[in-house]
There are 2 protein chains.
Amino acid sequence: MENDSVSQSLKLFIVLSRAYKAINEHVNKVIQASGLNPTEFAVLELLYHKGDQPMQQIGGKILLASGSITYVVDKLEQKGMLVRIACPNDRRVTFAQITDKGKAFIEEVFPEHAQQIHSLMSSLSDSEKQEAIDLLKKLGLPAGKF
Amino acid sequence: MENDSVSQSLKLFIVLSRAYKAINEHVNKVIQASGLNPTEFAVLELLYHKGDQPMQQIGGKILLASGSITYVVDKLEQKGMLVRIACPNDRRVTFAQITDKGKAFIEEVFPEHAQQIHSLMSSLSDSEKQEAIDLLKKLGLPAGKF
DNA sequence: TTATAATATCTCGACTTCAAGATTATTATA
DNA sequence: TATAATAATCTTGAAGTCGAGATATTATAA
């Protein structure tokens, strides 16, 4: 029946929200204990793993409004974790580039971060994780394009 | 290998975050178009579906600090969606109670809300949704208890 | 070429949230 | 009973986020 199908979708929405929030809450605590807030950490990790990024792109990847990017990048710059680099080709564009201090920070904190996530996920077996990954990809990819 | 297992957990964390954020972004837009913000909507829906609640309990269920509850309940009271009721047995406690206007609001907006979630989830079949529900429960319940 | 549109970043003001502490009420203990 | 501990709500100040608009640059079209 159509009605049951809708309430099943609602139920999935609820368990998805709960699982995300429960895990994220713990993850954020560890991040904040390191001295950065979750957004700052996300930006710095992006620069570490993907290299220099125009401010614009940071917003797209971390899902942050343009006004907020300026703010977060300011903070990280004040902390010496990144520097702004003017783009030589297009003077509208500014790149954010991680510093040595920023790299050292990520290299110190990231393994613990990864390990914590791993233990928060230990209630699923490897094959269950793979199933969950496949299902969530199938769920999230189309939703991102609406 | 242990290392692959950790990176699989990281991958699950990423797809979980993406799926949640992608869906939530759309859901929040519809809610905000109705004139409430997501937190206000969550509180009002709680009162509609679960009856009168002490302020304290609202915080526990919606995951909100006590200072924020006061603020949100103020807003909803100003909008005529709920009223504060003093508890006759324990004068420390204040109940929040949804008004007729609040009920009418939820009855108008909720079906559209549910339908939107349903269509955001249409990339999964009913049986895949059930698998996802089971896996996310197994993942989220223990994480909530850490 | 010049005018117009699109793009990137930043500024500013408003809103929401939290954390810490204050206030008031209740319960437990001496 | 008096005192202390606990509990629920509210107040305040700080931080983070967004949206709208400002500014500067680049791309496009007449």
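In what follows, every heavy atom counts, from backbone to side chain, and hydrogens, waters and symmetry copies are set aside. A, B, ... follow the sequence lines: proteins, then strands. Residue 1 opens every chain.
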Nucleotide-resolved protein contact map, nucleotides 4-10 of chain C, B/S/- at heavy-atom distance under 4.0 Å = --BBSBB

message = What is the distance, to the nearest angstrom, from the CG atom on Leu76(B) to the P atom on dT16(C)?
response = 10 Å

Atom-pair distance (OH on Tyr71(B); P on dA15(D)), nearest Å = 18 Å

ask   = Do side-chain atoms of Glu40(B) reach the backbone of Asn37(B) as a donor and acceptor pair under 3.5 angstrom?
value =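 Such a contact is found between Glu40(B) side chain and Asn37(B) backbone.
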
message = Would the distance check show the side chain of Gln116(B) and the main-chain N or O of His26(B) forming a donor-acceptor pair, the cut-off being under 3.5 Å?
response =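 Looks like yes, one N/O pair under 3.5 Å.
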
request  = Look at atom CD of Glu107(A) and say whether more than 12 heavy atoms of other residues, nucleotides or ligands are closer to it than 6.0 Å.
outcome  =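 Yes, enclosed.
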
query = Arg91(B) side chain N/O closer than 4.0 Å to the phosphate oxygens (OP1, OP2) of dT26(C)?
reply =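 Yes, within the criterion.
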
ask   = Does dT16(C) have OP1 or OP2 sitting under 4.0 Å from an N or O in the side chain of Asn37(B)?
value =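 Looking at the OP1 and OP2 atoms of dT16(C), one of them is under 4.0 Å from a side-chain N or O of Asn37(B).
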
ask   = Between Ala65(A) and Pro88(A), which is nearer to the 5' end of DNA chain D once each is assigned its nearest nucleotide?
value =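 Looking at the nearest nucleotide for each, Ala65(A) comes out on the 5' side.
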
query = Are a donor atom and an acceptor atom from the side chains of Asp134(A) and Gln130(A) found within less than 3.5 Å of each other?
reply = yes

query = Which angle, to the nearest 10 degrees, lies between the helix axes at the two ends of the helix from dT1(C)-dA30(D) to dA30(C)-dT1(D), each defined by five pairs?
reply = 10°

query = Who are the side chain to side chain contact (heavy atoms under 4.5 Å, CB included) partners of Arg84(B), not counting sequence neighbours?
reply = Met55(B), Thr70(B), Val73(B), Asp74(B), Glu77(B), Thr94(B)

query = Parallel under 30°, tilted from 30 to 60°, perpendicular over 60°: which one fits the rings of Phe110(B) and His49(B)?
reply = perpendicular

task = Give the ring-plane orientation class for Phe105(B) versus Phe41(B), where under 30° counts as parallel, over 60° as perpendicular and anything between as tilted.
result =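 Aromatic pair Phe105(B)/Phe41(B) classed perpendicular.
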
